[in-house]
Amino acid sequence: MSLPARGVFGERILALADEIARHSEAGDNLTCTYLTPAHHAAASLLLHWMRQAGLKAEIDATANVVGRLPSVMPGAKTLIIGSHYDTVRNAGKYDGRLGILTGLVVLEHLIRVGAELPFNVELIAFSEEEGVRFATPFIGSHAIVGKFDTAILERTDRAGLHLFEVMMEAGLDLKKIPSLARDPASLLGYLEVHIEQGPVLLREDLPVGIVSAIAGARRQVLTVTGQTGHAGTVPMLGRHDAAAAAAEIVLFVEQRCSRGDTLVGTVGQLNVPQGAINTIPGRCELSLDIRAGDNATRDSAIDDITAECAAIAARRGVTIESREVMNSAAAPCAPRLQLVFADAVKRAGYRAHTLLSGAGHDAMVFNGVCDIGMLFVRCGNGGISHSPLETVAASDADAGARVLLDALMHVG
Ligand SMILES: [Zn+2]
């Protein structure tokens, strides 16, 4: 198949990302949360671009923008290419949008050259992934896999508006949501191109990488209870300092989670409620976020941390309670789709490097529904994302598009 000149895909992706980023609900930064005027404008623009590219496109009942390229083969299965167009507050221009726009330029090219694929393609720009406005993520992709939970319709945003009101106000037909669910038997797979949002590909000096799995996360809130006392009068021996116990836990988490390829562990919150400079901490609260490429690795780290907490508690005469607040399973990428991407990466002239996704993506919603495959594109600027400082080089976006195009020619 004829390919556009090197760089053409990449320049266009970045230009489109700039254009769609003009629609923001904040004056001085990019913020595009679910069903705000900026979000509507972004959806309209995507719809326009998809139709211009030659796709049959529409906005569905959860505001996903869906473009279809039907196969010439009767009864063909459907490959979904997706990512999200909502953003966090004060966002970068490429998180989510890069994947949509990469799919767009590639399908536009296939249509232009008259390529015939043995499967249907659906390019889905998911309306909601970040969970910013209603504190519930994956609204768009959940509808596509039939996991839209109607209980979330009662949720309210910061202004007190209910999700169902906002959706109805936007002209979305809530009764149609169940019918958005795709039949898993009809799906060939799900592919997502996404900015890496980390520094691994920068360090590897590679424009793209193949994702092995999306890490499963477990989060806990730990409460350490000791004994408060006067900082000047209680001797060091015999203190039950809750913060000192918490400090031991933090160091153990760091040390334990340094043993394991894909394992990461973070204590991101550490509080001494009503702490005072001259009081021995009687209580300390800390958070725990443990992720790994497979559930067993992550769970064994949690088990060791739990055992260490018990030992610390016994030694220091404190109690440590834990409450699990999140448990999401790791989503492995299908070996066959990893191979399709790896072969395409090699044919493009790069080393095929495989890496774990520490962040969640729409792709994880398709885990258990159909095969998933993800391609990461190098994130510039040290790997900063969820920030206006997020960057992607045009040449890297170009490599991502070329690899996706090649993968489409070999995935069927
Ligand atoms: Zn994203």
Side-chain angles (χ1 to χ4, degrees), residues 7 9-34 36 38-39 41-42 45-46 49 81-105 125-133 137-138 140 192-211 214-215 264 266 268 289 291 353 355-364 374-401 403-404:
F9 280 147
E11 296 292 345
R12 178 152 158 76
I13 289 168
L14 264 55
L16 293 175
D18 283 343
E19 196 173 336
I20 196 167
R22 287 203 214 119
H23 299 289
S24 172
E25 61 201 72
D28 55 350
N29 66 69
L30 171 59
T31 302
C32 183
T33 67
Y34 193 47
T36 55
H39 190 268
L45 197 53
L46 288 167
W49 288 339
I81 299 173
S83 203
H84 59 100
Y85 69 90
D86 70 317
T87 72
V88 293
R89 298 186 198 284
N90 198 23
K93 290 185 282 191
Y94 308 104
D95 175 5
R97 279 109 185 259
L98 179 77
I100 300 166
L101 299 173
T102 302
L104 179 77
V105 300
F126 294 112
S127 53
E128 212 291 336
E129 186 264 1
E130 301 284 5
V132 173
R133 183 167 177 190
F138 303 116
E192 182 164 355
V193 176
H194 203 284
I195 182 170
E196 183 204 331
Q197 305 181 279
V200 174
L201 293 173
L202 271 173
R203 278 188 210 143
E204 295 289 333
D205 194 23
L206 287 170
V208 290
I210 301 112
V211 178
I214 301 167
V264 286
T266 306
D289 178 308
R291 308 182 193 205
H353 181 76
L355 70 170
L356 176 76
S357 172
H361 297 293
D362 289 297
M364 65 198 285
M374 278 197 87
L375 185 75
F376 273 169
V377 176
R378 173 162 50 190
C379 187
N381 223 353
I384 296 176
S385 183
H386 280 191
S387 158
L389 299 176
E390 179 187 87
T391 63
V392 169
S395 54
D396 291 349
D398 198 69
V403 168
L404 178 65

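- Taken from CG in Leu101 to CG in Leu46, the straight-line distance is 7.0 Å, to the nearest 0.5 Å.
- Of all heavy-atom pairs spanning Ala401 and Val105, the tightest one is CB-CG2, 4.2 Å.
- Considering CZ of Arg97 and CD of Glu19, their distance stands at 12.0 Å, rounded to 0.5 Å.
- Shortest non-hydrogen contact noted between Arg291 and Ala215 is CB-CB, 3.9 Å.
- Taking each heavy atom of Pro199 and Gly382 in turn, the nearest pair found is CB-O, 3.6 Å.
- Distance alone, capped at 3.5 Å, places no donor-acceptor pair between the Thr266 side chain and the Gly268 backbone.
- When all heavy atoms of Tyr34 and Ser127 are compared, the closest pair comes out as CE1-OG, 3.5 Å.
- Residues Ala394 and Glu11 come closest through the heavy atom pair CB-OE2, 3.9 Å.
- Looking at Glu196, its side chain never comes within 3.5 Å of a backbone N or O of Val377 through a donor-acceptor pair.
- Side-chain N or O atoms of Asp398 include one that pairs as donor or acceptor with a backbone N or O of Phe9 at under 3.5 Å.
- Taking CZ of Phe376 as the start and CG of Leu355 as the end, the distance is 6.0 Å to the nearest 0.5 Å.
- In this structure, Glu25 and Arg89 have side chains that are in contact, with non-hydrogen atoms separated by less than 4.5 Å.
- Note that NE2 of His194 is 10.5 Å distant from OG1 of Thr102, once rounded to the nearest 0.5 Å.
- Of the inter-residue distances, the one linking Lys93 atom NZ with Leu14 atom CG reads 7.5 Å to the nearest 0.5 angstrom.
- A search for side chain to side chain donor-acceptor pair (under 3.5 Å) contacts involving Gln197 returns Asp95, Ser385, not counting sequence neighbours.
- Considering every non-hydrogen atom in both Ala399 and Pro207, the closest pair reads CB-CB, 3.9 Å.
- Put simply, the side chain of His39 does not reach to within 4.5 Å of the side chain of Glu128, judged on heavy atoms.
- Thr33 places none of its side-chain heavy atoms less than 4.5 Å from the side chain of Asp86.
- At distances below 3.5 Å, at least one donor-acceptor pair connects side-chain atoms of Glu192 with backbone N or O atoms of Ala363.
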Side chain to side chain contact (heavy atoms under 4.5 Å, CB included) evaluation trace for Arg378 with Leu202: CA-CA 6 Å; Arg378 173 162 50 190; Leu202 271 173; 3.8 Å; yes

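- Distance OH/Tyr85 to NE2/His23: 12.0 Å, rounded to 0.5 Å.
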